[in-house]
Amino acid sequence: MKKKAELYAGKAKSVYLTDDEDHLIIHFRNDTSAFDGEKVEQLERKGMLNNKFTAFIMQQLETAGIKTHHVKLLSDDEALVRKLEMLPIECVVRNISAGSLCRRLGVTEGLDLEPPTFEFFLKNDALHDPMINDYHIRSFDWATEAEIVEMKKMTFEVNTVLKKLFKDAGMLLVDYKLEFGRFQGQLLLGDEFSPDGCRLWDVDTREKLDKDRFRQGLGGVVEAYEEVAQRLGVNLE
Ligand code: ADP
């Protein structure tokens, strides 16, 4: 598959067209951003780690019957994926309270949420990704009713699979963000699943092993990502 023109350069990844109209190449860069791009740094090895981590997770999800855009790894920091018509929506599930949920609702960090919460956010940096609900999605036609149902279903299926995967490796899946897109009449999981877009805590010490280390200036960001990958048995060769 030949790499063609750059289609889109996001905050952490660049997306390239290929000579096949159904496929794209995603390049995971070392750029790390937080607070809607206000804090940006280059973290050595992060692109490679997130690329291989995402491929590993997508394969686990496929094995569990969840359809994803992932096709194969192409290099340390590039992967071949199916070209989706992305929905401008982020789906967030929270198993434990943290981050913006605590600020918004005035609750303390670390509360077990049973049942877990589900939130939709609009993908819009200029508006700081505002929280939206099913009615906004329908009124503005950001997705169909059936797609709303499917996104929720798939996002919770991911929770079942990944909560166990991380727990078995000594980690708590606190929360995560997913993005979906259309491909040949089906909804597929797109984008990435990495410590950039989820929260992971050590099950015993509750040490943060995700992008909160970067947001909060705790240091050891890449080391934490590497630790998570090693615990899961991700091949980093
Ligand atoms: P952002 O746009 O939020 O800065 P990234 O730096 O992660 O994000 O850029 C990656 C972009 O590629 C995102 O906008 C994402 O929605 C999009 N994308 C991810 N997977 C696919 C796919 N399979 N097909 C088309 N676009 C995709």
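Start at 1 and go down the list; that is how both ligands and their atoms are numbered.
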May I ask you to identify the nearest protein heavy atom to [atom], giving residue, atom name and distance to one decimal place in Å?
| atom | value |
| --- | --- |
| atom 12 (O) of ligand 1 | Val15 CG2, 3.5 Å |
| atom 26 (N) of ligand 1 | Met86 CG, 3.4 Å |
| atom 2 (O) of ligand 1 | Tyr8 OH, 2.6 Å |
| atom 24 (N) of ligand 1 | Leu84 N, 3.0 Å |
| atom 16 (O) of ligand 1 | Glu179 OE1, 2.7 Å |
| atom 4 (O) of ligand 1 | Lys11 N, 2.7 Å |
| atom 7 (O) of ligand 1 | Lys13 NZ, 2.5 Å |
| atom 20 (N) of ligand 1 | Asp191 N, 3.1 Å |

With distance as the sole criterion, is a donor-acceptor pair present between the side chains of [X] and [Y] under 3.5 Å?
| X | Y | value |
| --- | --- | --- |
| Asp31 | Gln42 | yes |
| Asn50 | Asp196 | yes |
| Asn159 | Asn95 | yes |

Contact between ligand 1 and [X] is defined here as a heavy atom of the residue under 4.0 Å from a ligand atom; is it met?
| X | answer |
| --- | --- |
| Lys123 | yes |
| Ile26 | yes |
| Ala12 | yes |

| Which class fits the ring pair Phe53 and Phe193: parallel under 30°, tilted 30 to 60°, perpendicular over 60°? | parallel
| field | Aromatic ring pairing Phe120/Phe118, orientation class (parallel under 30°, perpendicular over 60°, tilted between) | value |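 The arrangement is perpendicular - the two ring planes meet at more than 60°.
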| message | Using every non-hydrogen atom in the two residues, find where Phe56 and Leu232 come nearest and quote the distance to one decimal. | response | CZ-O, 3.5 Å
| Glu109: which of Arg199, Arg94, Lys208 passes salt bridge (Lys or Arg N to Asp or Glu O under 4.0 Å) | Lys208
| field | Under 4.0 Å to a heavy atom of Val81 - the qualifying atoms of ligand 1, by number | value |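 Selected atoms, number and element: 23 (N).
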| Can an N or O of Lys83 be found at a distance shorter than 3.5 Å from an N or O of ligand 1? |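 No - when backbone and side-chain N and O of Lys83 are compared with those of ligand 1, no distance drops under 3.5 Å.
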| ligand 1 to His69 polar contact by distance, N or O atoms, under 3.5 Å | yes
| field | Asp191 side chain reached by Leu178 side chain, heavy atoms, under 4.5 Å | value | no
| request: Determine whether Leu189 and His69 make a side-chain contact, defined as any pair of heavy atoms from C-beta on separated by less than 4.5 Å. | output: no
| query | Does NZ or CZ of Lys39 fall inside the cone over Phe214's six-membered ring, less than 6.0 Å from its centre and within 45° of the axis? | reply | yes
| Structural part of Leu24 in contact with ligand 1, heavy atom criterion under 4.0 angstrom |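 It is the side chain that touches ligand 1; the backbone stays farther off.
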